[in-house]
Number of protein chains: 2
Amino acid sequence: MIEVERKNTRKEQVIQTATELFKDKGYAATSMRDLANELGIEAASLYYHIKSKEEILQSICFEMADAFIQGLDDVEHRDISNREKLYQGIINHTKVIARDLPAAAVFLNEYRYLSAPWLKKFLRLRINYINRFKKIIEDGIKEGEFKNVNKKLAVMTIFSSLNWMPNWYNPKGKIDPEAVSKQLAQLLINGLG
Amino acid sequence: MIEVERKNTRKEQVIQTATELFKDKGYAATSMRDLANELGIEAASLYYHIKSKEEILQSICFEMADAFIQGLDDVEHRDISNREKLYQGIINHTKVIARDLPAAAVFLNEYRYLSAPWLKKFLRLRINYINRFKKIIEDGIKEGEFKNVNKKLAVMTIFSSLNWMPNWYNPKGKIDPEAVSKQLAQLLINGLG
DNA sequence: CCTACCGATCGGTAGG
DNA sequence: CCTACCGATCGGTAGG
């Protein structure tokens, strides 16, 4: 039992270290020797913990995907206005990113190195998630809660803003994630002008 | 003379093909053999046209940087309101992206593979460019043209939206780049609500 | 632009 | 988790 526990946490350690390397250097440019070195072990020893380099990427990408989807599930069927749904959806999305910035960066930038069946599966999840946000905007336009803007453009603008966060947000800075979420949601819905 | 001309266009061909590969597969995951293959020549032959793999990345990144900076130069000192400056600056930025989407994608996502002196130079140019936009927003807030929002957040939101374009914009679709620019600028300044 | 080739490094396996 | 190692591939050079 203790054996199993130790194995699990060590595996998580491997994945977490890999996440940071993938974020910093990119998946393709990170070697298993880089990873082993960071952990203070030999490259061959990594294969006691994981099956392959790509298995690490898979677990990062799909665990993040789950978290995003769950965040949307939480607000989608509440009895609130579409404007409020969008606002809360944005906040949940931002929170998932802020909770683990390196993993979010890998999820956003490195997913393309997923191979054959995984990449398709990943893209299917992503398009689905985006379409659910689009639906909220669509409904909101119908109800007169939003201006009659280009829906694709609106949803892309929202996601791009949210997904850029790992590139500039400093978790040790003065703004806490909660405040960033709110300000970002405000800015996107109400504009700058 | 004809010799020289032919050499130049062939080099441009190499760079353009590389740009598309770097965009699709990432810089690190694109091999010189991939590139040679796409061009129908041997890998070793590439070195008649270019000095190194990184030289290609450098020319893509710095040519794009020049284009962005020039677009901002064009509007910065005009005698117009800050709101109008921001609007026109966004449009110019979008136009540079739309003019060459693959090069824009490489500029945005692959610059980090630039080595020692180049990466620093690149980052210096980028921070400078961003700060000039920040200044416009700052001035606009002082003049009461914009709400008193978080400046860093505002400028990051704008760039993220613009820079996400290569990920979704289809140049063969129904919206032309001019219209996208305008809609995007509108949306960012006036909001969705 | 090609042939022939180099040293370095890659992800991963066998066997302990 | 280690030693010892593998075949494949990498960016690039020499010489034509």
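No hydrogens, no waters, no symmetry mates; every other heavy atom, side chains included, goes into these values. Bear in mind that the values here come from a model prediction, so they are computed numbers and not experimental data. Every chain is numbered from 1 and lettered A, B, ... according to where its sequence line falls, protein lines coming before strand lines.
- Within 6.0 Å of atom CD in B/Q16, 12 or fewer heavy atoms from other residues, nucleotides or ligands are found, so the atom counts as exposed in its surroundings.
- For the pair B/E55 CD and D/dG12 P, the computed distance is 10 Å after rounding to whole Å.
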What's touching nucleotides 6-10 of chain D from the protein side, N or O pairs under 3.5 Å?
from, atom 1, to, atom 2, distance (Å)
D/dC10, OP1, B/S31, OG, 3.3

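- The aromatic rings of B/F62 and B/F122 stand perpendicular to each other, their planes meeting at an angle above 60°, with 30° marking the opposite boundary.
- Atom C1' of nucleotide C/dG11 and atom OH of A/Y113 are separated by 16 Å, given to the nearest angstrom.
- The distance from atom CD of B/E54 to atom C1' of D/dG11 is 12 Å, rounded to the nearest whole Å.
- Atom-to-atom, CG of B/L39 to P of C/dC1 comes out at 8 Å; the value is rounded to the nearest Å.
- Here A/D73 pairs with A/R132 in a salt bridge; the nearest charged N to carboxylate O distance falls below 4.0 Å.
- Ranking D/dC2, C/dC2, D/dG11 by closeness to the B/I41 side chain, first place goes to C/dC2.
- B/Y47 places its OH atom 5 Å from the C1' atom of D/dG12, with the value rounded to the nearest Å.
- Distances shown here put every side-chain N or O of A/Y48 at or beyond 4.0 Å from the OP1 or OP2 atom of D/dC1.
- Below 30°, between 30° and 60°, or above 60°: for A/H93 and A/F133 the angle between ring planes is above 60°, a perpendicular geometry.
- Cation-pi geometry between A/R10 and A/Y48 is not met at under 6.0 angstrom from the ring centre and within 45 degrees of the axis.
- In this structure B/S31 satisfies the side-chain hydrogen bond (donor to acceptor under 3.5 Å, both in side chains) test together with B/D34, sequence neighbours excluded.
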Sequence neighbours left out, cut at 3.5 Å: what donor-acceptor pairs do the side chains of residues 101-110 of chain B make with other protein atoms?
from, atom 1, to, atom 2, distance (Å)
B/N109, ND2, B/A105, O, 3.1
B/E110, OE1, B/Y27, N, 3.0
B/E110, OE2, A/R112, NH2, 2.7

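- Judged as a side chain to side chain contact (heavy atoms under 4.5 Å, CB included), and not counting sequence neighbours, the contacts of B/I189 are B/R83, B/L86, B/Y87.
- Taking atom CD1 of A/I50 as the reference point, atom P of D/dC1 lies 12 Å away to the nearest angstrom.
- Helical stems involving DNA chain C, defined as 3 or more consecutive Watson-Crick or G-U pairs under 3.5 Å, span C:1-16 with D:1-16.
- Of the candidates C/dG11, C/dT3, C/dC1, the closest approach to any side-chain atom of B/E42 belongs to C/dT3.
- Counting heavy atoms from C-beta on, the side chains of A/N163 and A/I97 come closer than 4.5 Å.
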Polar atoms only, N or O, under 3.5 Å: list the protein pairs with nucleotides 14-16 of chain D and their distances.
none

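- Using a 4.5 Å cut-off between side-chain heavy atoms of Ile, Leu, Val, Met, Phe, Trp and Tyr, with links allowed through other members, A/L119 and A/I130 fall into the same hydrophobic cluster.
- Under the 6.0 Å cut-off for aromatic ring centres, B/F22 and B/Y113 do not qualify, their centroids lying 6.0 Å or more apart.
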